[in-house]
Number of protein chains: 2
Amino acid sequence: MQASGSKQLHSKAPIVTVDVVLLTLKDEQLCAALLQRPREPHAGEWTLPGGFVHTDEDEDTLAAAARILSTKVGIESPYLEQLQTFSGPHRDPRGWSVAIVYYALVPHDSVPGEAPAPRAEHAPATVLSIAAPPRLKWRPVDDIRSLPFDHLQILRTAVERVRSKTLYSSLPVHLMSATFTLSELQAVYEALLGTRLDKRGFRRRIEELDVVEEAPGAPVRGAHRPAQRYRMKRHGAQRLAVSPKNLTL
Amino acid sequence: MQASGSKQLHSKAPIVTVDVVLLTLKDEQLCAALLQRPREPHAGEWTLPGGFVHTDEDEDTLAAAARILSTKVGIESPYLEQLQTFSGPHRDPRGWSVAIVYYALVPHDSVPGEAPAPRAEHAPATVLSIAAPPRLKWRPVDDIRSLPFDHLQILRTAVERVRSKTLYSSLPVHLMSATFTLSELQAVYEALLGTRLDKRGFRRRIEELDVVEEAPGAPVRGAHRPAQRYRMKRHGAQRLAVSPKNLTL
DNA sequence: TTAATAGTGTCTGTCAGACACTATGTG
DNA sequence: CACATAGTGTCTGACAGACACTATTAA
C-alpha cells in the first residue's frame with residue numbers, strides 16, 4: 001500500500017503514468033514521436049513518450065510531461081496541453097493503471113532527428129539523455145496502425161483533437177518556426193485538414209484571431225515576390241485564440 | 001511501493017482519487033451537489049463527491065465516478081463526462097495527489113433532496129459507508145465562495161465548461177426532465193447563459209441540432225395555450241450534438 | 001373579450017465563400 | 001517579356017438576429 005495507510009484496504013492503488021503525444025509537421029504530414037522502450041513491458045517496441053510522476057520534483061502532471069519531453073526527447077517548452085486521462089485494468093500488463101495524457105506541438109525545425117544519438121545539425125543544447133540513449137523516430141500519424149498498450153487509441157484521440165481545434169482556433173501556429181509566411185501557415189492548415197482553403201478567407205480569419213504579427217527583418221526572398229514574415233504574438237504564455245464568431249447561439 | 005517493484009525507487013506514488021462535479025438546475029439556478037465529509041482530512045466540511053478507485057471492481061475511472069454517484073449520492077446513470085485531471089503536491093494534505101474529475105448533469109426532479117440519510121429508493125447495493133451516512137446539499141454554484149482541497153477551482157472549471165458548451169451544443173438537455181417543452185428548454189439555456197434568447201432563433205437552432213423529438217402523450221395544459229412536449233432523442237448512448245455551422249474555417 | 005403563452009413568417013444586415021484582380025519578385 | 005507567388009477588392013448567397021404576426025387555451 002501507499003500514502004493512505006488507513007482506509008483503502010480493499011484494492012491495490014492504480015499505477016500512475018504521464019504520457020505525451022508529441023506532434024510535428026514534416027513534409028506536409030502530421031507526425032508523432034515514438035520512443036523505443038528500453039524496459040519491460042513491451043521492451044524494444046515503439047511507444048509514446050511517457051513515464052512515472054516524480055512526486056519529489058514535479059509540481060504537477062503538466063510539469064511531469066514537460067520533464068519527460070525534456071529528458072527523453074530533448075525538447076524544451078513546447079506547446080503542451082492536457083488531452084485526457086485514460087484508465088482501466090487491462091491497458092497496462094502491470095495492472096490497473098491511469099495515464100494522464102498531454103499533447104504537445106513543436107515546429108519541425110526545433111526537433112531532434114531520428115538518429116540513435118541526436119544529430120548535431122539541430123538541437124545544439126545539451127541533451128541530457130545521452131547516458132541511456134532512447135531511440136526516437138517520427139512517423140506520420142496516418143501510417144501508424146498499431147501501438148503497444150492503448151497508445152493507438154490515445155494517439156487517435158490526440159490527432160482528432162488537434163484537427164478539430166484547427167477548424168476554429170489558432171492552435172497550428174505552434175507547429176510553425178519562429179517566423180513564417182501566411183502562405184506557409186495556410187499550407188499547414190491545409191495539411192492538417194486535408195482540404196484546400198481560400199486564400200482571402202484564410203487571411204481574414206487569421207487576422208481576426210489576432211495571434212500573429214509582422215516580424216521584423218527582411219521578407220522571404222524566394223523564387224518570386226517576397227513574402228512578409230510573421231511570428232506568433234506572445235500574449236502571456238501560450239493562449240489559444242478561438243474565433244468569437246463561432247460562439248453564438 | 002506498488003506493482004512496478006523495480007524502477008521507481010526515487011519517489012512515492014501519488015494518491016489517486018476520482019471526483020465528480022454534480023450539477024442540476026433548481027429555480028433557474030445552476031446548483032452543485034456537496035457532501036459532508038465523514039472522515040479526515042477536512043472531516044465535517046462540505047466537498048465535491050469523490051473517492052478512491054476500486055481496482056477490484058471499477059472498469060475505469062468513468063465507472064468509478066458512476067459508482068461514487070450511485071453509492072454516495074444515490075444517482076444512477078446521469079450524463080457523465082470527463083472534465084480534467086488535477087494534480088500537485090499540495091492540493092490534498094495527505095500528499096502528492098491526482099484527481100481525475102468528471103462532471104455530471106441531472107434533471108432536478110430525479111435527484112435526492114437534502115435529507116441527512118440517503119433515501120432507501122436508490123442504492124440497493126450494500127453501501128459500505130452507511131456507518132457514517134454522508135449528508136447531501138445543493139448549493140447555487142455562484143454562491144459557493146470556498147471549498148476544501150482545490151475543489152473550488154475544480155467547480156469553477158466545470159461550470160465554465162458547461163456554460164461554454166451551452167453556447168454551441170445541446171448539453172443542457174441533460175438537465176431536463178424526461179419530457180419538456182421548448183419554452184422550458186429555452187428558459188434553461190437562458191438561465192445558464194444569463195442572457196435572453198430570441199425564440200425563433202432558439203427553435204431553429206434546436207431543430208438543427210436534432211437532439212429532441214416530439215414526445216407522445218398529451219401536451220402541457222397550462223394556464224393558456226398547450227405546449228408540445230419533447231424528449232431527448234437517444235442516439236446510441238449520450239451523444240453530444242454540436243452545430244456543424246460552427247465548425248468552418 | 002382579454003390575457004397569456006405557443007408557435008410561425010419574414011425582412012435585413014452581415015459575413016463567409018468565391019474569384020478576379022493587382023503587386024512584386026526572378027530569369 | 002513570361003511566370004510564379006504575394007497580397008487585395010469586391011460580389012453574392014446564406015443565414016442569424018430581430019420582430020411582428022397568428023394560434024390556442026383559460027377565465
Side-chain angles (χ1 to χ4, degrees), chain A residues 28 166-170 173 176-177 179-191 193-231 241-249, chain B residues 28 166-170 173 176-177 179-191 193-231 241-249:
Chain A
E28 312 275 279
T166 299
L167 283 167
Y168 60 91
S169 83
S170 61
V173 299
M176 309 305 291
S177 313
T179 71
F180 50 88
T181 70
L182 291 184
S183 297
E184 288 164 358
L185 183 58
Q186 181 173 346
V188 168
Y189 271 78
E190 288 175 342
L193 296 175
T195 324
R196 308 255 7 176
L197 297 173
D198 179 73
K199 185 168 31 169
R200 199 64 174 85
F202 180 78
R203 284 165 187 241
R204 261 200 302 247
R205 190 60 173 275
I206 293 299
E207 188 168 15
E208 286 172 357
L209 290 177
D210 189 38
V211 284
V212 302
E213 61 191 2
E214 299 190 356
V220 174
R221 309 190 65 81
H224 300 286
R225 173 174 174 175
Q228 175 66 48
R229 288 187 174 283
Y230 288 82
R231 66 180 176 201
V242 172
S243 166
K245 302 300 168 47
N246 282 344
L247 298 176
T248 4
L249 183 76
Chain B
E28 314 274 280
T166 299
L167 283 167
Y168 61 91
S169 84
S170 60
V173 298
M176 309 304 291
S177 312
T179 72
F180 50 87
T181 70
L182 292 183
S183 298
E184 288 164 356
L185 183 59
Q186 182 173 345
V188 168
Y189 271 78
E190 288 175 342
L193 297 175
T195 324
R196 308 256 5 178
L197 298 174
D198 179 73
K199 185 167 33 167
R200 199 66 175 85
F202 180 78
R203 285 166 186 241
R204 262 200 302 247
R205 191 59 176 276
I206 294 299
E207 188 168 16
E208 286 172 357
L209 290 177
D210 190 39
V211 283
V212 302
E213 61 190 0
E214 298 189 356
V220 173
R221 310 190 65 82
H224 299 286
R225 175 175 173 175
Q228 175 66 48
R229 288 186 173 286
Y230 287 83
R231 66 180 176 202
V242 172
S243 165
K245 303 300 169 46
N246 283 343
L247 299 175
T248 2
L249 182 76

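Every value quoted in this text rests on a predicted model; they were computed, and no experiment measured them. To find a chain, count down the sequence lines: A is the first, B the second, and so on, and within it residues start at 1.
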Exercise. In whole angstrom, what separates B:Ile206's CD1 from C:dT8's P?
Worked result: 14 Å
For this session: Measure from CG on B:Leu167 to P on D:dG17 and round the result to the nearest Å.
Result: 11 Å
Exercise. When the distance from CG of B:Leu185 to P of C:dA6 is rounded to whole Å, what number comes out?
Worked result: 12 Å
Problem set entry | Interatomic distance, B:Phe202 atom CZ to B:Leu185 atom CG [nearest 0.5 angstrom] | 4.0 Å
Polar atoms only, N or O, under 3.5 Å: list the protein pairs with nucleotides 1-5 of chain C and their distances.
from	atom 1	to	atom 2	distance (Å)
C:dA4	O4'	B:His224	NE2	3.4

Exercise. Between B:Arg205 and D:dA16, does any side-chain N or O lie under 4.0 Å from OP1 or OP2?
Worked result: no
Problem set entry | Under-3.5 Å donor-acceptor pair between B:Arg200 side chain and C:dG9 base | yes
Problem set entry | Spacing between A:Gln186 atom CD and C:dA18 atom C1', to the nearest angstrom | 14 Å
Exercise. D:dT24 C1' sits how many Å from B:Gln228 CD, rounded?
Worked result: 14 Å
Problem set entry | Spatial distance of atom OH (B:Tyr230) from atom CD (B:Glu214) [nearest 0.5 Å] | 4.5 Å
Exercise. Around atom CD of A:Glu207, are there more than 12 heavy atoms of other residues, nucleotides or ligands at under 6.0 Å?
Worked result: no
Exercise. Between A:Asp198 (CG) and C:dA20 (P), how many Å, whole number?
Worked result: 11 Å
Exercise. For A:Glu184, which residues count as a side-chain hydrogen bond (donor to acceptor under 3.5 Å, both in side chains) partner, sequence neighbours excluded?
Worked result: none
Exercise. Taking for each residue the nucleotide of DNA chain D bearing the nearest heavy atom, is the 5' side occupied by B:Lys199 or by B:Arg204?
Worked result: B:Arg204
Exercise. In whole angstrom, what separates B:Phe202's CZ from D:dC19's C1'?
Worked result: 18 Å
Exercise. Looking at CD of B:Gln228 and CZ of B:Phe180, how far apart are the two atoms once the value is rounded to the nearest 0.5 Å?
Worked result: 11.0 Å
For this session: Please identify each residue that fulfils side chain to side chain contact (heavy atoms under 4.5 Å, CB included) with B:Arg200, with sequence neighbours left out.
Result: B:Asp198, B:Arg204
Exercise. Does the A:Gln186 side chain pair with the main chain of A:Leu197, one donor and one acceptor, at a distance under 3.5 Å?
Worked result: yes
For this session: Please report, rounded to the nearest Å, how far the P atom of D:dA16 is from the CG atom of B:Leu197.
Result: 14 Å
